[in-house]
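Reviewing the structure listed below.
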Amino acid sequence: MRVVLGEDHALLRDGLMRLLTAHEFDVVEAADTGLTLLRALRTHRPDVAVVDVRLPPTFTDEGLRAAIEARHEIPGLPVLVLSQYVEPLYARELMADGSGGVGYLLKDRVSQVGEFVDALRRVAGGGTAMDPHVVSTLIGGQHSRLESLTAREHEVLTLMAEGRTNSAIASALFITEKAVGKHIANVFHKLHLSESPDDNRRVLAVLAYLDGRPG
Amino acid sequence: MPSSAARPFRWRLTLLGWTLPLLVMSLPVSLPLFLVSIVGIPLIGAFGVGIAMILAAAWLTRVLTDVHRWIFASALGVTISRPYVWPTAAAQPGRRMPPGHPGAKVIALARDPATWRDLAWLLVNATLGFVTYLVVITLFALSVLPLWWWLVPPLMRGYARLSGTLLGPTGAASLAARVQQLTDSRAETVDAQAAELRRIERDLHDGAQAQLTSLGMNIGMAEELLRTDPDAAARLLAEAREGSGQVLADLRDLVHGIHPPVLADRGLSGAVEALVLAHPLPVEVEDRVAGRPPAPVESAAYFAVAETLTNITKHARASSVQLTLDHDGGRLRIAVHDDGRGGAVAGSGGGLHGIGRRLFAFDGTVNIDSPEGGPTTVTMEIPCELSSAKTTPSSETG
């Protein structure tokens, strides 16, 4: 799998390259500014991009802007954005085009290598990986709309919003996949969302709902 | 005076009503007060009598001038600020007499130019004031109504303005008051900054430093155990990894408390949008600020908005919030309106008090309108200029 990396910090760039290479990803280019990143994404059209939000020259949110711009030019280009802090506002901007293949995670999550690689593969496959921190903030903001959910349904909703598959949710909660399916059906019914058989679409619908946008 | 245009007759009658007490306070009250003050001066050396006379007369004079300031403001719309200077910064706004023992009081009074100007005004009020009020009353009593109708407003207003030149602060006094205010706000800012640095130092010392030390120990032990007990080494490394996550989370919180990254990235508008997104209540935002305030103002405004929103969640029991950002006449204005139960006050140590302190450093103000039962509107204003167009995110979202 071909990866373009956007990270200006030498230590982290080397660390990520080592980690990705060890897990059979092929890092075709490592860009260290917003501009070079955008150029690299255009030239290589990688299977997935791993991008730091904060890049030179202004050290604000160049990485994020480059990622959004690239996805605008190349619809569906899978991008996993990493950051020292996560901001639901940026998640909203990443998800705004309504297509999948998006990830937004705290840099800390990289240290759980297995889960990180898993999330990267999911994003490359058109899925979603949303940081638990973003999800909990969004859920906090929609507290009153979620009152009708049971505690279990709440847990399922949270994990689903993070972009996990049914089988991952099942093993995280120690329940069967069939039970997960039942809880999901209940959540969609209670929130008046139309259920789609497609995992990715379902995740996007849930995130849109939590973000307060029409599904 | 809005009522002067709407109800010209009633307003003139109200003025007439005020003229009676004003007349009493002119010659009959002002002249004796003036005489007592003057006679008190040579008696200072003789007995304590002089000091007592001066203090009593000064106190009464200040009551009298305060009453006049109030009447002129409420009945005629002529506002006159209080000019008195205070030897200490701790004076409350309504205080009449300087602090200290009687001798110190007299010295402080003598040093305050406003005391002497009050004295001059007593004389003016006893003569010119007396005549003015007498004219107003006589014209009415003699039923020269057209003349009375036409003459009363300019006459009364003119006299109020004349009084204002003596009862209000002189240019120098205004400057002195301003210097005092700036000295206070600077002292408070320096204190707040020192406290903030202490908090950051403590957070780093107790948090990140301690955690990194323990992290290093865990990794060191894992290194030793790697060959002899790989399982134990793996456990220690897992623990170290979890520990590193905790350090990062703590540092993230600390950074957020110093200067939220989203504020650096997106400025006040974006950062407020981010705040609103995370708020449990629906918040409607109207942002009419076309540009970016200076960074320190942005930061103060951001924390003020954050604090206000937190207060609403904690106390207001509101169901919705409206937030307006505006820049007009060289002032950034932020209004936060909620439909909660009201009764919010800026008590010492409370959130709203903290907002006031934060904005004070920038000459900003906080106004709280919160009747019991609601709704509440907190209005914050900071004088500042805007820099060129704000940065726009690469994708506009709804």
Side-chain angles (χ1 to χ4, degrees), chain A residues 34 38 53-55 58-73 83-98 106-116 131-146 208 210-214, chain B residues 211 215 219 237-267 269-285 292 295 309-310 313 317-321 390-398:
Chain A
L38 190 56
V53 166
R54 193 167 274 201
L55 289 177
T58 68
F59 293 98
T60 56
D61 56 354
E62 274 90 346
L64 179 75
R65 287 173 197 226
I68 290 173
E69 174 63 29
R71 275 172 64 84
H72 186 66
E73 289 172 23
S83 179
Q84 291 289 9
Y85 64 99
V86 284
E87 197 56 74
L89 180 67
Y90 295 173
R92 166 191 282 194
E93 288 172 10
L94 272 170
M95 314 279 306
D97 59 9
L106 273 176
K107 274 191 183 162
D108 320 10
R109 314 287 178 207
V110 178
S111 67
Q112 267 155 311
V113 180
E115 281 197 28
F116 172 70
D131 198 88
H133 198 78
V134 174
V135 172
S136 65
T137 311
L138 288 176
I139 285 182
Q142 298 292 333
H143 198 66
S144 53
R145 290 169 80 194
L146 303 176
L210 290 179
D211 192 20
R213 286 176 288 142
Chain B
Q211 285 165 336
L215 209 62
I219 295 174
L237 283 174
E239 218 174 277
R241 174 173 51 66
E242 273 167 30
S244 80
Q246 190 53 48
V247 183
L248 283 169
D250 284 1
L251 282 176
R252 201 155 39 235
D253 288 347
L254 188 65
V255 166
H256 197 273
I258 298 170
H259 191 76
V262 68
L263 187 60
D265 294 355
R266 295 292 171 82
S269 301
V272 165
E273 201 183 331
L275 268 181
V276 163
L277 205 55
H279 201 262
L281 294 173
V283 185
E284 211 176 285
V285 183
R292 284 186 66 169
L309 289 177
T310 310
T313 350
R317 293 195 200 145
S319 64
S320 76
V321 182
K390 65 170 117 184
T391 50
T392 44
S394 46
S395 87
E396 243 352 287
T397 58

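In what follows, chains are A, B, ... by sequence order, proteins preceding strands, each numbered from 1. Just so it is clear, the model here is predicted, and its values are computed rather than measured.
Residue A:I139 does not touch chain B at all, counting heavy-atom pairs closer than 4.5 Å. With a 4.5 Å cut-off on non-hydrogen atoms, A:Q84 touches chain B through its backbone and its side chain both. Heavy atoms of A:R109 lying under 4.5 Å from chain B are absent altogether. Of the two parts of A:Q112, the backbone and the side chain both hold a non-hydrogen atom closer than 4.5 Å to a non-hydrogen atom of chain B. With a 4.5 Å cut-off on non-hydrogen atoms, B:A238 does not touch chain A at all.
Here the side chain of A:D131 pairs a donor or acceptor atom with the backbone of A:L106 at under 3.5 angstrom. With hydrogens and angles ignored, the 3.5 Å screen pairs no side-chain donor or acceptor of A:E87 with any backbone N or O of A:Y85. Side chain of B:H279 to main chain of B:L309: a donor-acceptor pair is present (N/O by atom type, distance under 3.5 Å, no hydrogens or angles).
Listed options B:P261, B:A274, B:A249 were ranked by heavy-atom pairs under 4.5 angstrom with chain A; first place goes to B:P261.
Using a 4.5 Å heavy-atom cutoff, the side chains of B:R292 and B:R266 are not in contact. Two residues are said to be in side-chain contact when any heavy atoms from C-beta on lie closer than 4.5 Å; A:E69 and A:L38 meet this criterion. The shortest side-chain heavy-atom distance between B:P282 and B:V321 does not fall under the 4.5 Å cut-off. In this structure the side chain of A:R54 never reaches within 4.5 angstrom of the side chain of A:D61, judged on heavy atoms.
Inspection of non-hydrogen atoms places B:R241, B:G245 of residues 239-247 of chain B under 4.5 Å from chain A.
Within 6.0 Å of the NE2 atom in A:H72, the count of heavy atoms belonging to other residues, nucleotides or ligands does not exceed 12.
The residue from B:L275, B:V276, B:L277 that alone fulfils the side chain to side chain contact (heavy atoms under 4.5 Å, CB included) condition with A:L89 is B:L277.
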